[in-house]
Every structure is written in C-alpha cells, then in structure tokens.
2 protein chains.
Amino acid sequence: MILPLAIKRFDLAKAKKAAVKELSAEEKIKAAAKRIFTQKGFAATRTRDIAEEAGMNLALLNYYFRSKQKLFDIIMLENFKKFIHGIVIEVVHENATIEQKLEKVVAAYIDFLALNPDLPFFILNELRNNPTSIASTISDEINQIRNSFFKQLQQGNKKSKLPPMEPFHFVANLIGLTVFPFVGKPILQRVTNVSDSKFNALMQERKKLVPVWLKAIMNAK
Amino acid sequence: MILPLAIKRFDLAKAKKAAVKELSAEEKIKAAAKRIFTQKGFAATRTRDIAEEAGMNLALLNYYFRSKQKLFDIIMLENFKKFIHGIVIEVVHENATIEQKLEKVVAAYIDFLALNPDLPFFILNELRNNPTSIASTISDEINQIRNSFFKQLQQGNKKSKLPPMEPFHFVANLIGLTVFPFVGKPILQRVTNVSDSKFNALMQERKKLVPVWLKAIMNAK
DNA sequence: GTCTATATTCTGATAGAC
DNA sequence: GTCTATCAGAATATAGAC
C-alpha cells in the first residue's frame with residue numbers, strides 16, 4: 001500500500017507551508033527573478049540563473065510562469081508600481097506647501113532607494129527598450145501628479161516668496177539630486193573614492209540637504 | 001590570363017579608399033558596432049544586427065575583430081575615453097576659478113551629450129557589470145581630477161565668497177543636474193509631457209542655469 | 001578580403017518519469 | 001509539483017570557396 005506514504009508527504013508539505021519563513025517554489029522563483037532581473041535587466045538575465053538563485057529547478061520556472069517574458073512582465077509591472085505608487089502619490093496628494101512636500105518626498109525617496117538601490121536603473125533601462133508598453137500602466141499616477149503638484153508648482157508660494165518654476169526643470173532637478181546618486185553610484189564612488197558605508201552616510205545627509213538646495217535653486221539669481 | 005583583372009580590382013579598391021567619404025569594411029563594422037552597443041548594451045546586441053547595420057557580412061565581423069567580446073571591448077574603451085577625456089580634463093586643468101570652470105564644464109558637457117545622448121547610460125550600464133576591468137584605464141584621468149579640481153574645491157574661493165564643499169556632494173550635484181536629464185530623458189519626457197524639440201531647447205537653457213544653480217547650492221543655508 | 005555554408009555553443013522551453 | 005533529460009531555435013564563430 002502506497003497511500004500512507006502519500007498522506008505522510010502531504011502532511012509534511014502542509015507543515016512546511018505553515019512555517020512562517022518558508023516560501024513556496026513559486027514565490028522563491030519570483031523573488032529570485034525580481035533580484036536578478038532588477039539587477040541585470042531582461043537581456044542579460046538567463047532563466048538558468050534565476051532557477052539557480054532560487055535553489056529550484058529550471059523546469060519549474062516554465063511550469064509556474066510559462067515563459068521568461070511572462071515572468072519578466074510580472075516583475076516589471078510590480079517594480080514600476082513600487083517606484084511610482086506609494087512614494088510619489090501619498091506625499092504629493094496631501095494638503096501641504098511645496099516646501100513641506102519637498103522635504104517629505106526627498107526623505108521618503110532616499111529611504112526607499114537605500115532599500116532598493118537597483119530599482120531606478122532598472123526602470124530607466126526598461127523604459128528605453130519599451131517605447132510605449134508601460135505607458136498605460138503608469139499614466140494614471142502621472143496624471144495625478146500633473147494635476148495636483150505641477151499646478152501648485154507653477155503658482156509658486158507667495159507667503160514664503162517661492163517663485164513659480166518650469167515643471168520640467170524642477171522635476172529634472174528633483175530626480176537628478178535625489179535618485180541620480182543611486183543610479184550613478186558606481187561612477188561616483190570611483191571618482192570620489194568613497195566606500196559603501198560612507199556612501200550610505202552621505203545619502204542620509206542628502207535627506208536634509210537636497211530640499212534646502214532645491215529651494216536655493218528656485219530662488220537663485 | 002587573369003592578371004589584368006586582378007590589377008583592375010586592385011585599382012578600384014585604391015580609388016575607393018581615396019574617396020573621402022568611403023569607409024573600409026573594418027571601419028564600417030566598428031562604426032555600426034559603436035552605434036548599436038552604445039544604444040543597447042552588450043547583452044541585448046546581436047552580431048547579426050551589427051553586420052546588417054554596417055551593410056556587411058556577418059563573417060567579416062569575426063574576420064576583423066575575432067569575437068563579439070573583443071569588438072565590444074574596443075568600443076567600450078573608446079566610449080570611456082571619450083566620456084572622460086577631452087571633456088573633463090581640458091576644462092579642469094586650466095588656470096581658472098571654480099566659477100569659471102563650472103560654466104565651461106557644464107556647457108561643454110551639455111553640448112557633448114546633445115551629440116552623444118546614449119553615452120552616459122552606456123557608461124553607467126557597463127560600469128555596473130564590470131566591477132573592476134575598466135578601473136585601470138580611467139584611473140589616470142580620475143587622479144588628475146582629484147589632484148587638481150577637488151583640492152581647489154575644498155579650499156573654496158574667498159574672493160567670490162564661495163565656501164568649500166564636500167567633493168562627493170559637489171560631483172553628485174554637478175553630474176545629477178548636467179547629465180542626468182539625458183539619462184532620464186524617457187521618464188522625464190513622460191512625466192512632464194515634453195516633445196523632443198522642447199527637450200533640446202530646455203537642455204540649452206540649462207547651460208546657463210545649472211552653473212547658477214550650483215553656485216546657489218554652495219551658498220545655501 | 002569577402003562571401004556562403006556549416007559547425008558549435010548557448011538558452012529557452014518541453015516531454016515524460018516519479 | 002518536482003525532477004532529469006532532451007529538444008528546438010538562436011546566436012556566435014569558423015571553414016573553405018572565390
């Protein structure tokens with residue numbers, strides 16, 4: 001009789017699933033895929049690498065996700081949402097002055113990027129390759145930003161004497177000062193001869209500095 | 001007799017080489033490789049694409065450059081030198097104040113990037129994949145920057161009341177404000193809804209604005 | 001030097017046993 | 001659901017004719 005053995009196996013599987021730390025094969029693969037795709041991009045990633053990173057078999061990748069492309073699409077969508085939603089939206093929508101929003105959004109972004117340093121490069125990379133496909137999934141969030149924050153920006157703030165500013169320059173400066181250091185980390189570290197721990201400390205400094213700088217830029221000349 | 005024909009062929013080849021616009025097969029392949037590698041990176045580029053772009057046969061690529069990797073290494077080295085040398089060095093080495101250098105280097109960089117918009121992303125991308133290999137080839141230039149400009153920066157400028165500044169923040173700000181817009185072009189255009197021609201016009205504006213902003217940053221608070 | 005045809009290696013995906 | 005073994009196609013590289 002083989003039945004008892006089968007039951008035994010089933011119970012073991014249940015026990016594993018009940019354990020808090022234990023991930024299913026599907027989850028392990030997805031997590032591994034997210035790490036590698038985010039770090040190396042679609043083209044440079046091999047499905048074999050993902051399977052190995054997950055400690056799983058290559059065949060399981062296709063069993064759960066059908067193809068490399070479908071798996072990538074899932075990761076990409078999640079990464080995009082993570083990058084935009086929850087960081088920009090909540091900070092941008094509340095009732096607050098430009099100055100207050102600046103301080104919040106910069107600090108939130110830097111904290112977020114310290115935990116996800118590869119994300120901005122991934123976004124930039126895949127956005128170059130995908131002329132349009134992503135556009136629809138994030139257009140809602142972008143429209144919200146445009147309708148709320150950009151208008152506020154172009155009005156300026158009379159109380160604190162903050163003059164209005166061209167939205168493009170403002171966004172380019174905000175992202176350039178806040179997220180670029182993470183994108184350009186390899187070259188910045190090489191040029192300035194800065195260690196990883198020093199880099200992290202400098203990023204923490206920037207949480208205070210960048211909002212001050214951005215205000216100085218708006219008031220310049 | 002086949003000899004006369006051979007001579008005829010030889011003369012034709014010479015005539016072609018003499019023509020100003022005519023590139024040799026080797027040069028055509030290298031030029032095509034530079035375009036495609038720079039735009040798509042190593043992994044996403046196929047040797048077939050390069051051969052087709054060059055209007056040449058695939059076998060010639062291996063005849064002249066032995067392998068995809070060796071061809072890429074040549075392009076990468078040239079791109080790195082182009083990016084550092086001639087842009088940074090000449091501007092950084094002359095006898096001038098920080099303010100004067102700032103104006104020159106920003107304008108030179110933006111003009112350069114307008115002609116080579118894919119270059120910074122390429123550098124960033126391949127620097128991520130290559131932990132060390134490139135380091136040696138550019139360390140000389142970097143050391144020159146460190147020894148001349150960084151020292152000047154940390155001394156500040158008493159005449160124009162420019163206080164000294166942490167080199168890392170300065171470089172991060174300079175590159176973030178100057179080259180990031182080109183790296184982040186796809187996302188910036190999407191968020192701010194800006195056309196290609198408008199983008200170029202805004203970049204021209206930044207030639208004047210960024211130096212002013214960088215000075216405002218140094219004097220902030 | 002240049003081409004066509006082919007060899008070789010890599011990689012995504014599947015078949016089929018358990 | 002999971003594994004081993006294998007296939008099919010793509011991509012790099014080479015052999016050999018001209």
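Predicted, not measured: the structure shown is a model, and the values here were computed from it. Residue numbers begin at 1 in each chain, while the letters A, B, ... track the order of the sequences.
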Treating A:Asp49 as the side-chain partner and A:Thr45 as the backbone partner, does any N or O pair qualify as donor plus acceptor under 3.5 Å?
no
From B:Met56 atom CE to B:Ile29 atom CD1, the distance as rounded to the nearest 0.5 Å:
6.5 Å
Indicate yes or no for a side-chain donor-acceptor contact from A:Lys207 to the backbone of A:Asp111 under 3.5 Å, with no hydrogens or angles considered.
no
Tell me: CD of B:Glu27 to P of C:dG1, nearest whole Å?
11 Å
Under 3.5 Å, is there a donor-acceptor pair between the A:Gln69 and A:Asp73 side chains?
yes
B:Glu52 atom CD is separated from C:dC3 atom C1', nearest whole Å, by 17 Å
Check the angle between the aromatic planes of B:Phe37 and B:Phe42 and answer parallel, tilted or perpendicular using the 30° and 60° thresholds.
parallel
Between CG on residue A:Leu60 and CD1 on residue A:Ile50, distance to nearest 0.5 Å:
13.0 Å
Rounded to whole angstroms, how far apart are NZ on B:Lys40 and P on D:dA11?
10 Å
Less than 4.5 Å apart, side chain to side chain, heavy atoms only: is that true for A:Glu166 and B:Glu205?
no
For DNA chain C, what residues of residues 56-68 of chain A have any heavy atom nearer than 4.0 Å?
A:Leu58, A:Ala59, A:Asn62, A:Arg66, A:Ser67, A:Lys68
Round to a whole Å and report the spacing from NZ of B:Lys70 to C1' of D:dT14.
15 Å
Whether the side chain of A:Arg46 and the base of C:dG12 hold a donor-acceptor pair under 3.5 Å is what I'd like checked.
no
Flag the pair A:Lys185 and A:Asp196 as a salt bridge only when some basic side-chain nitrogen lies within less than 4.0 angstrom of an acidic carboxylate oxygen.
yes
4.5 Å side-chain heavy-atom contact, B:Ile175 and B:Tyr109:
no
Quickly work out the A:Ile36 CD1 to C:dT11 P distance and round it to whole Å.
13 Å
Closer than 4.0 Å, any side-chain N/O of A:Thr47 to the OP1 or OP2 of C:dT11?
no
If I take atom CG in residue B:Leu23 and atom P in nucleotide C:dT2, what distance separates them, rounded to the nearest angstrom?
13 Å
Five-pair end axes of the helix from C:dG1-D:dC18 to C:dC18-D:dG1 and the angle they enclose, rounded to 10°
10°
